[in-house]
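First comes the structure, then the notes that go with it.
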Amino acid sequence: MSNTGDFVLNFQQFIQLQTVLQGYPFFTGTFNLLFDEDFYLGRYPDVARALEDNLIGSAEQHFLSSGVVEGRIPHAFFDEDLYLLANPDVKAVVESGAIASGLQHYVASGFNEGRDSLGMSVKIGGIQMSNLFDEDFYLNQFSDIDAAVKAGGFSYGYEHFLRFGVAEGRSPSLYYDEALYLNLNPDVKNAVDNGAFQSGLEHYLLAGHIENRTASLLFNAQAYLDENPDVADVIGGGLASAFEHYINFGLTEGREPSTLLFDEQYYLAQDSNVADAVAAGFFQSGYQHFLRFGMKEGRKPNADYSEESYLAANPDVEIAIGQGAFSNGIEHYILFGRNENRSLAIAEQDPLDYSDSSSPVLVDLAKHTASFLNYGVNFKVMPLGDSNTEGWDEGRGRSRDPLYSAAHEGYREDLWDDLEALGVKADFVGSLSNGPTTLEDKDHEGHAGAPIGFIRSNITTYLSNGSPDIVLLMIGTNNGGSPGETIANELNDLINDILSNGSFSGTLMVSTVPPIVPAGRFPDRVANIEDYNSRVQGVVQSFNSDRVVFVNAGGQLTLDDMADISVDGGLHPNQTGYAKIADAWYDAILDNLVASRSAINAQDVAGSAFADALLGDSRANVLEGREGDDSLTGGGGSDEFVYRSLEDGFDTINDFGADDIIKVVDASFEGDLSAGFDFVIGSAANTGNSKPAFFYDNGTGILSYDPVGNAGSSAAPLLQLKNAPALVGNQIVVA
């Protein structure tokens with residue numbers, strides 16, 4: 001917000017100067033102070049026409065004979081409705097019929113009483129209007145008013161606000177949000193709809209702030225009183241509300257509205273662009289940016305806040321977000337959660353133990369969440385479709401040369417990276433394999449040029465060989481020569497074939513396809529594909545099965561996300577487009593993968609009897625996968641990975657470092673480790689003695705164990721250190 005104190009002073013000086021320059025003295029008994037003929041005729045065309053037709057002698061005559069009674073406004077700086085709104089005692093007298101209008105009262109006594117017609121000292125419901133108003137915000141928020149001011153219709157935005165904006169419910173600053181206020185207070189909305197109030201703003205000024213209703217994200221009454229006990233002591237005396245104190249006094253005293261959870265230094269440090277915008281004066285603070293934009297963009301207000309944790313602890317909030325009531329958890333907390341005493345801190349639960357869990361878990365200690373999964377973290381995903389699944393991109397898309405095909409990854413690499421970051425070990429499956437060396441798993445069923453019929457004729461083989469848990473189907477582009485309805489019918493048949501196939505019991509995710517560039521080689525397909533995309537969701541919903549899910553991945557793309565037609569036919573996304581597709585698939589997979597979620601707070605965790613993903617945080621964590629082929633990620637700190645038994649499964653440690661250790665529990669481990677063990681680099685060496693031995697293959701990262709040191713085929717693989725980091729014997733510890 002602009003500096004309100006400076007704005008008020010300059011604005012008052014401006015109004016006084018303009019009044020004097022126009023010949024309006026500041027003393028009573030001067031009618032010209034109240035009447036401006038040019039303004040009156042311009043505002044009321046019917047009066048101007050009556051004057052032209054000689055039905056009245058002058059504008060002043062009309063005003064004095066009937067305009068006063070009709071509540072017409074005689075001057076740009078007097079507004080009948082505003083005057084009555086600001087002076088409820090006068091309004092009561094007018095409504096009783098004792099006087100004709102607020103203007104009559106002002107002429108007779110209001111001026112001598114110091115009541116303000118210019119609006120600078122106007123208070124409505126005790127709220128100083130000039131303090132509530134932000135000129136820059138108002139003009140930026142309402143382009144129509146900005147245009148009117150520039151055209152000379154109003155001298156400034158504040159003039160419009162006083163004359164019309166209050167009644168229209170225009171938000172004057174960040175301290176009041178009309179849409180939010182009506183959304184949070186349906187009783188007020190009903191009152192406005194029924195005519196009891198002109199706007200939500202009028203209600204808030206006259207009653208809402210006294211009732212401590214929330215009207216913006218910037219101010220929370222209870223938090224303000226909690227942080228300013230001296231203010232709480234005077235509420236009910238000379239002040240009606242916390243908001244009245246803040247706007248009238250706290251603002252100029254330098255008191256901050258409640259900024260719970262917000263760390264200004266952290267926020268600015270995360271994004272230099274925001275810091276630069278604050279330094280340049282576009283925002284008063286990082287907090288202002290956060291409230292206007294950052295919160296809805298999902299930016300963190302401080303280093304410790306965890307959106308996942310808050311939603312896990314408050315499933316009703318997550319449901320409300322899904323229904324569109326809130327943008328995210330932090331918005332809910334600012335508006336309601338803190339008043340409802342919802343805590344962001346979760347009681348410590350160390351150590352966490354999921355040995356009794358009936359499903360695999362994904363535990364993220366840094367995000368304070370434990371997700372219970374529908375299937376283990378080593379599930380199989382089949383990318384299925386045409387060249388958009390193979391991943392043609394720009395110049396590489398025209399050639400089937402293996403040299404180019406090897407580089408095609410499309411959305412698959414971004415999706416793989418997202419799943420890997422989640423901590424899962426997804427296995428891409430399919431009879432085709434291509435992509436850059438950076439894509440760890442290149443398998444897929446993306447058949448370039450394939451129409452829906454080709455996929456149908458081979459689907460039994462694909463499903464039988466791949467045995468996927470999830471199929472990602474994006475198909476139909478190569479059917480674009482047919483009407484959209486025809487393509488949709490073919491898609492329906494393919495979905496039916498997949499769901500009824502005995503080799504597949506998992507989830508089928510069906511997506512729209514990317515748009516076709518009209519200026520490309522296939523302009524005749526544009527309308528057909530648009531029609532097809534509009535039908536895909538209906539086709540999916542017609543099956544009425546939770547095994548088939550609609551994903552609008554292709555619909556996320558615009559023509560800017562498509563490859564340059566100078567090197568492509570207009571059918572394929574560029575890499576930005578493919579990244580959007582990957583995000584859509586990832587969100588759908590995550591929704592399907594997670595059955596439920598809970599909030600946690602722990603440093604150490606032991607998994608279930610299934611394939612789990614355990615992710616540590618920046619502290620020294622103890623992670624134990626137990627049964628199942630688990631995925632373990634330590635995060636920062638000196639972490640400890642526990643292996644209790646040869647029955648614990650084949651785990652993967654994703655980030656084993658020089659300060660981490662592998663702890664083997666002797667009491668339940670095969671072989672006598674109490675007398676020590678041999679550690680051998682290599683997989684085929686024989687120690688020549690009967691001591692237990694660990695063999696580390698520094699080419700594959702696989703650590704094997706032999707209870708008698710014979711190695712060879714008798715050594716059992718225990719786990720794999722991803723990327724085969726260095727491992728030394730003293731990093732294996734016996735407990």
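Computed from heavy atoms alone, side chains included, the values below leave out hydrogens, waters and symmetry copies.
Between Phe372 and Tyr354, the angle of the ring planes goes over 60°, which puts this pair in the perpendicular group of the 30/60° scheme. Relative ring orientation between Phe428 and Trp416 is described as perpendicular, the plane-to-plane angle rising above 60° on a 0-90° scale split at 30° and 60°.
Checked by atom type and distance alone, the side chain of Glu390 never pairs as donor or acceptor with a backbone atom of Asp386 at under 3.5 Å. Distance alone, capped at 3.5 Å, is enough to place a donor-acceptor pair between the Arg412 side chain and the Lys442 backbone. For Asp630 (side chain) and Ala613 (main-chain N/O), no donor-acceptor pair under 3.5 Å exists by modelled atom type. Not a single donor-acceptor pair under 3.5 Å links the side chain of Arg456 to the backbone N or O of Leu491. Side-chain N or O atoms of Asn314 include none that pairs as donor or acceptor with a backbone N or O of Asp316 at under 3.5 Å. Judged by distance alone, the side chain of Asp612 and the main-chain N or O of Ser608 form a donor-acceptor pair under 3.5 Å. Panel note: side chain Asp414, backbone Ala582; no donor-acceptor pair is recorded below 3.5 Å. Under the 3.5 Å distance criterion, the side-chain polar atoms of Asp587 are left unmatched by any main-chain donor or acceptor of Ala584. Of the possible polar contacts, none joining the Asn621 side chain to the Asp639 backbone as a donor-acceptor pair under 3.5 Å is found. Checking side-chain atoms of Glu490 against main-chain N and O of Ile452 turns up no donor-acceptor pair under 3.5 Å.
Across every non-hydrogen atom of Ala426 and Leu419, the tightest pair is CB-CD1, 3.8 Å. Residues Gly506 and Phe504 share a closest heavy-atom pair of C-CZ, 3.4 Å. Among all heavy-atom pairs drawn from Gly634 and Asp655, the shortest one is N-OD1, 2.8 Å. In terms of heavy-atom proximity, Ser387 sits nearest to His572 at OG-NE2, 2.8 Å. Of all the heavy atoms in Pro360 and Ala611, the pair that sits closest is CB-O, 3.2 Å. Of all heavy-atom pairs between Thr389 and Leu384, the closest is OG1-O, 3.6 Å.
Atom CG of Leu632 is separated from atom CD of Glu624 by 9.5 Å, given to the nearest 0.5 angstrom. Atoms CG and CG, on Leu508 and Leu499 in that order, are 5.5 Å from each other to the nearest 0.5 Å. The structure places CG of Asp706 at 10.5 Å from CG of Asp678, a figure rounded to the nearest 0.5 Å. Taking CG from Asp350 and CG from Asn601, the interatomic distance works out to 7.5 Å, rounded to the nearest 0.5 Å. A distance of 7.0 Å separates CG in Asn478 from CG in Leu571, rounded to the nearest 0.5 Å. The CD1 atom of Ile455 sits 7.5 Å away from atom CG of Leu494, with the distance rounded to the nearest 0.5 Å.
Listed by chain and number, the residues in a side-chain contact (heavy atoms from CB on, under 4.5 Å) with Ala366 are Asp364, Asp617 (sequence neighbours excluded). A search for ring pair (Phe, Tyr, Trp, His ring centres under 6.0 Å) contacts involving Tyr586 returns nothing, not counting sequence neighbours. Applying the ring pair (Phe, Tyr, Trp, His ring centres under 6.0 Å) rule to Phe677 yields the partners Phe694; only residues at least two apart in sequence or on another chain are considered. The side-chain contact (heavy atoms from CB on, under 4.5 Å) test applied to Glu413 returns Glu409, Asp417, Pro436, Thr438, Leu439, not counting sequence neighbours. With sequence neighbours excluded, the residues satisfying side-chain contact (heavy atoms from CB on, under 4.5 Å) with Ser503 are Leu463, Ser464, Asn501.
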Exercise for the section: Start with the C-alpha gap between Asn496 and Ile498, add the side-chain angles, then the distance that decides, and say whether side-chain contact (heavy atoms from CB on, under 4.5 Å) holds. Expected result: CA-CA 5 Å; Asn496 186 67; Ile498 294 175; over 6 Å; no
Exercise for the section: Kindly indicate, with the supporting measurements, whether the criterion side-chain contact (heavy atoms from CB on, under 4.5 Å) is fulfilled by Thr652 and Leu719. Expected result: CA-CA 6 Å; Thr652 299; Leu719 52 85; over 6 Å; no
Practice task
Given side-chain contact (heavy atoms from CB on, under 4.5 Å), test Phe695 with Tyr705 step by step and report yes or no.
Solution key: CA-CA 6 Å; Phe695 300 89; Tyr705 174 73; over 6 Å; no
Exercise for the section: Could you go through the side-chain contact (heavy atoms from CB on, under 4.5 Å) check for Ile732 and Tyr643 one step at a time? Expected result: CA-CA 10 Å; Ile732 301 175; Tyr643 210 94; over 6 Å; no
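When only modelled atom types and interatomic distance are considered, Asp561 and Thr576 share no side-chain donor-acceptor pair under 3.5 Å. Between the side chains of Ser431 and Glu445, a donor-acceptor pair is found at a separation under 3.5 Å. In this model, a donor atom of one side chain and an acceptor atom of the other lie less than 3.5 Å apart for Asn592 and Thr507. When only modelled atom types and interatomic distance are considered, Tyr310 and His332 share a side-chain donor-acceptor pair under 3.5 Å. A donor-acceptor contact under 3.5 angstrom links the side chains of Asn654 and Ser631, judged on distance only.
Here the side chains of Leu593 and Phe379 are in contact, with some heavy-atom distance below 4.5 Å. Looking at Asn698 and Leu727, their side chains never come closer than 4.5 Å, going by heavy atoms from C-beta outward. Proximity of Thr369 to Leu311: side-chain heavy atoms (C-beta onward) are nowhere separated by under 4.5 Å. Side chains of Leu590 and Leu422 form a contact here, defined as non-hydrogen atoms less than 4.5 Å apart. Contact of the Val548 side chain with the Val510 side chain is registered, since non-hydrogen atoms from C-beta on lie closer than 4.5 Å. You'll find the side chain of Phe650 reaches within 4.5 Å of the side chain of Ile702, heavy atoms only. A heavy-atom distance below 4.5 Å is found between the side chains of Ile600 and Ser598. Side-chain contact between Val540 and Val549 is absent, with no heavy-atom pair separated by less than 4.5 Å.
A salt bridge is absent between Lys380 and Asp469; no separation between the charged side-chain nitrogens and carboxylate oxygens falls under 4.0 Å. Under 4.0 Å is where a charged nitrogen must lie from a carboxylate oxygen, and between Asp651 and Arg626 no such pair does. Electrostatic pairing of Lys367 and Glu307 does not count as a salt bridge here, judged by no charged N lying under 4.0 Å from a carboxylate O.
The only option from Met509, Gln537, Gln556 that meets the side chain to side chain contact (heavy atoms under 4.5 Å, CB included) definition with Val551 turns out to be Met509.
Applying the ring pair (Phe, Tyr, Trp, His ring centres under 6.0 Å) test to every pair with at least one member in residues 432-469, sequence neighbours left out, gives these pairs: His447-Phe454, His447-Tyr462.
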